[in-house]
Amino acid sequence: MELPAKYDPALTEDKWYAYWLENKFFHSEPDERESYTIVIPPPNVTGILHMGHVLNNTLNDVLVRKARMDGKNACWVPGTDHASIATENKVVQKLAAEGIKKEDLTREEFLKHAWEWKEKHGGIILGQLRKLGASCDWDRTKFTMDPELSDAVINTFVYFYNKGYIYRGVRMVNWDPIGLTAVSDEEVIHKDTVSKFYHMRYFISDGNGNPTDQYIIIATTRPETIMADAAVCVNPEDERYQWLKGKKVLIPLINKEIPIIEDSYVAMDFGTGCLKVTPAHDVNDYEIGMRHNLPVLDIIDDHGRLNEKAQILVGEDRFEARKKIVAMLQEAGNLEKMEDYTSPVGYSERTNAVIEPRLSMQWFLKMEALAKDALESVESGNVKLIPDKYRNTYRHWMENVRDWCISRQLWWGQRIPAYYLPDGQVVVAETAEKALEAAQAIDASVTAADLRQDEDVLDTWFSSWLWPISVFDTNKAGHPEAEPNKDLAYYYPTNDLVTGPDILFFWVARMIMAGNEFMNDVPFRNVYLTGIVRDKLGRKMSKTLGNSPDPLDLIAKYGADAVRLGMLLCSSAGNDILYDESQIEQGRNFNNKVWNAFRLVTGWNVDEAAQQPEASAVAVKWFDNKLSQVVEIVEDHFSKFRISDALMAIYKFFWDDFCAWYLEAVKPAYGAGIDKTTYEATIGFFDALLKMIHPIMPFITEELWQNMAERKPGETIMNQRYPQAKAYDAEFITAFEMATEAVAGVRNIRQSKNLSPREALDLKVKGAFPAEVLPVVTKLANVNIAEAEGDLSAAQRFMVRTVEMFVPLTGLINVEEEVAKLEAELAYQQKFLDSVRKKLSNERFVANAPEAVVAVERKKEADSLSKIESITASLNALKNN
RNA sequence: GGGAGCAUAGCUCAGUUGGUUUAGAGCAUCUGCCUUACAAGCAGAGGGUCGGGGGUUCGACUCCCUCUGCUCCCACCA
């Protein structure tokens, strides 16, 4: 079979993915084996794959594939999130492009459009994950708005309502004027924003609503809200404003009279010390207003426009109104000055609209008790955060959590199961029928037609916090007393969760809460928090910067295996990934290395009659030991979620140990056959290597594994056992390392003297070199080895640890150069010896340091002395010649 | 404003109870090679004193303090 010199992933990846699917290798059912479960962080149903997904899902897949090869019953549950605000927004925009306004549609009509959109775009990202090689159990694919999952959400709402954790009330909430909904505190992103600080004159009223010539100056960033001012507030301690007590001022432009009040909230050293109080449009002002019984005048509508209560600029957008009112204030002589000012402004996470603090009626979930338990879950180690630096952040959040605003003024999502009686009383129940029963218990005359269901839907996270439960059992959430079904009992708690730290609170913390509440157990044991994928300049990937490559283009260009390895290369947990295409090239190169090693090995012809050469026997013994050592290291890395370290250990094992040393050591002479013993050992090693690489690069390993031997239909590398570590001979591994160092020493001499590798050289050994590995040195360095004796002044010298080696090169030695080199080496050794001796002569060191440490220093001293001795001898020999 | 974290070769990072490390890896760089698996490769080499300063210790990249720079999270000073 003639294989091309370069590996082409396009020829294999789709083929093997289809094979895996056909054979249902990804599918899991409960059985007697230990389970290993991961639930996918569900991407937005209408989303498309970006580099963050690639990182996250590659890590997930590596963990799942590894667990599967460890003999566990691995189950990776995929699915998507309905992402209510983001999806509803997209649908609104799509409809707008077609000339349809949401306001003109009924709820049912709009939802029909939304479902159509979901059906059209909903599968895209899951298809993209297949390209990446994700071994999800697609038969278990879930969507947070699947009817049964929605039922679970509704049950949960009813459960918490009955428990007294859910309440409804008028609160200052974060209003998104583009999404047209309230959002939770966590969905508000504060960004420093440059604006202006406007200083305005408020004239003192004469008591009859007419201005006097006295005025005070008020500084604000939001002059468009002055019409909603309910008072002007100063600090009671403020000497400057004592004269204002009991007076009233007039709001500019509309000449409305408002009182001066005093509250210690006002900072005397900020602004002018006079604060305009606008209870309807600022959280603090609202609280001051509550304390002083001020009226609340809401002058901004849902869309962020001034309404008729503003009296002026009615219908203008708030930012447009700001510009206009500034001009008007200036005109009227009320504008003292404007200065540049940078302050934090809240933006909607989903729509990027500037959040408008707004008073409205919303539903809330009490968080205190839930947060307390969820904190305990992490503090006790029931849930481990990796890296654990996030524990601090987590604790801080849990200790300061506020009640969760769970209602959203949207249509796409689970509708709140609250029903209002004509008199305004509310009943909460899973279905309209049950609600009617409950309502009739209050008032027997109520009919179904009288009941009005709440218009709002629930926050998306109110469904995704149930994800690790509801993907298995849709009845359990909301029913902690119920028996879990077979799947839930088997797969819960899941093992690992891989996700970004940006949703630690949105999602991870709340899943822990739901898990504790309904399962009385945490939803996962380990949370691996990845970093954020950035470009090589450290900038976040973004559409506007255009620095975000399309993962599918990369897969098409380099192959999924290369993309996976490239992403993993520098992804230690919690650190941001500085992505650079060169890493993916490195991944591709590694693919090619594996491919070519395969070409070499499978190209060999077995010579049944051939005896195993000594060098091969040594190499086989060494590699067998080395394999166990590396497996042990890799397992340790995996157990600590050091995926990139595990990857690098495997990478070097394959490239350096297997290709550069082992294969070279056993490689038969050109044209010659290979002995059977070595060949079979080599195939065995290759088999183990492919298995070790498989979780990281599933496609090429399956391709080569399938071609390495006759396979039966239905066989796959992904169900083979991962190599196990046996006891190994570390001393022998060290001996072999010395052989490689000797080879490198000879090669170095060849290079510096321009000697062909084909020309055999003599190598004289002086000292205790492990004889067993010498055949490898003979073969790879192309040398004849003998004990050192006689005059070696005409030889090039090097050292392997404490063993001296000489390559006699009569006529090629530059004495001056050699002397200089040796003298430099001598000086270095002398200095080293001095430092070691200084340590050893320190009584306190010898007295206090552990014996082992002292022994090491003594060994250093002895080695150094022997080196100095041999260097000196060589120097003398050279000089005397 | 509060809190957390980071600062080690050109770049990205290891360095796991302070001592087998006068510091390791990958990539990049330099030199020589189209050597019969692989130039997406082979062989070899150079490069940092661990952000600055101080302290604890027989001994610090590793612990403490401080300064500088960066990052993230939280936050109602208009």
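Numbered from 1 within each chain, the chains take letters A, B, ... in sequence-line order.
Across all strands, A/Y390 comes closer than 4.0 Å to no nucleic acid atom at all (heavy-atom distances). Note on A/P850: a base of the nucleic acid sits closer than 4.0 angstrom, heavy atoms only. Across all strands shown, A/R588 has heavy atoms under 4.0 Å from base atoms, whether or not it also approaches the sugar-phosphate. No contact: A/V277 has no heavy atom under 4.0 Å from any strand. Residue A/A847 is out of contact with every strand shown, counting any heavy-atom pair closer than 4.0 Å. In this structure, A/D285 reaches neither bases nor backbone, as no heavy-atom distance under 4.0 Å exists between it and the strands shown. Using a 4.0 Å heavy-atom distance criterion, A/L275 is classed as a base contact. At the heavy-atom level, A/Y286 lies nowhere under 4.0 Å from the strands shown. Using a 4.0 Å heavy-atom distance criterion, A/Y394 is classed as making no nucleic acid contact. Residue A/T221 is in sugar-phosphate contact alone, with no base atom involved, counting any heavy-atom pair closer than 4.0 Å across all strands shown. When heavy atoms are screened at a 4.0 angstrom cut-off, A/R391 is found touching no nucleic acid atom at all. Within the nucleic acid shown, A/R642 comes within 4.0 Å of at least one base atom, counting heavy atoms only.
No hydrogens or angles were tested; on distance alone, nothing pairs the side chain of A/R534 with the base of B/U71 as donor and acceptor under 3.5 Å.
The neighbour count for A/E851 CD, taken as heavy atoms of other residues, nucleotides or ligands under 6.0 Å away, does not exceed 12. Crowding of A/K859 atom NZ: a count of heavy atoms from other residues, nucleotides or ligands under 6.0 Å not exceeding 12.
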Provide a list of protein-nucleic acid N or O atom pairs under 3.5 angstrom, restricted to nucleotides 36-38 of chain B.
{"from": "B/A37", "atom 1": "OP1", "to": "A/K667", "atom 2": "NZ", "distance (Å)": "3.4"}
{"from": "B/A37", "atom 1": "O2'", "to": "A/N596", "atom 2": "OD1", "distance (Å)": "2.7"}
{"from": "B/A37", "atom 1": "O2'", "to": "A/R599", "atom 2": "NH1", "distance (Å)": "2.8"}
{"from": "B/A37", "atom 1": "N6", "to": "A/E664", "atom 2": "OE2", "distance (Å)": "3.1"}
{"from": "B/A37", "atom 1": "N3", "to": "A/N596", "atom 2": "O", "distance (Å)": "3.1"}
{"from": "B/A37", "atom 1": "N3", "to": "A/A597", "atom 2": "N", "distance (Å)": "3.4"}
{"from": "B/C38", "atom 1": "O4'", "to": "A/N596", "atom 2": "OD1", "distance (Å)": "3.1"}
{"from": "B/C38", "atom 1": "O4'", "to": "A/N596", "atom 2": "ND2", "distance (Å)": "3.4"}
{"from": "B/C38", "atom 1": "O2", "to": "A/K593", "atom 2": "NZ", "distance (Å)": "2.9"}
{"from": "B/C38", "atom 1": "N3", "to": "A/K593", "atom 2": "NZ", "distance (Å)": "2.8"}

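Judged by distance alone, the side chains of A/K276 and A/T225 do bring a donor and an acceptor atom under 3.5 Å apart.
For A/F685 and A/F658, the ring centers sit 6.0 Å or farther from each other.
The CG-C1' distance, from A/D645 to B/U12, rounds to 13 Å in whole Å.
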Considering only distance and modelled atom types, tabulate donor-acceptor pairs under 3.5 Å from the side chains of residues 500-509 of chain A, sequence neighbours left out.
{"from": "A/W507", "atom 1": "NE1", "to": "A/S464", "atom 2": "O", "distance (Å)": "2.9"}

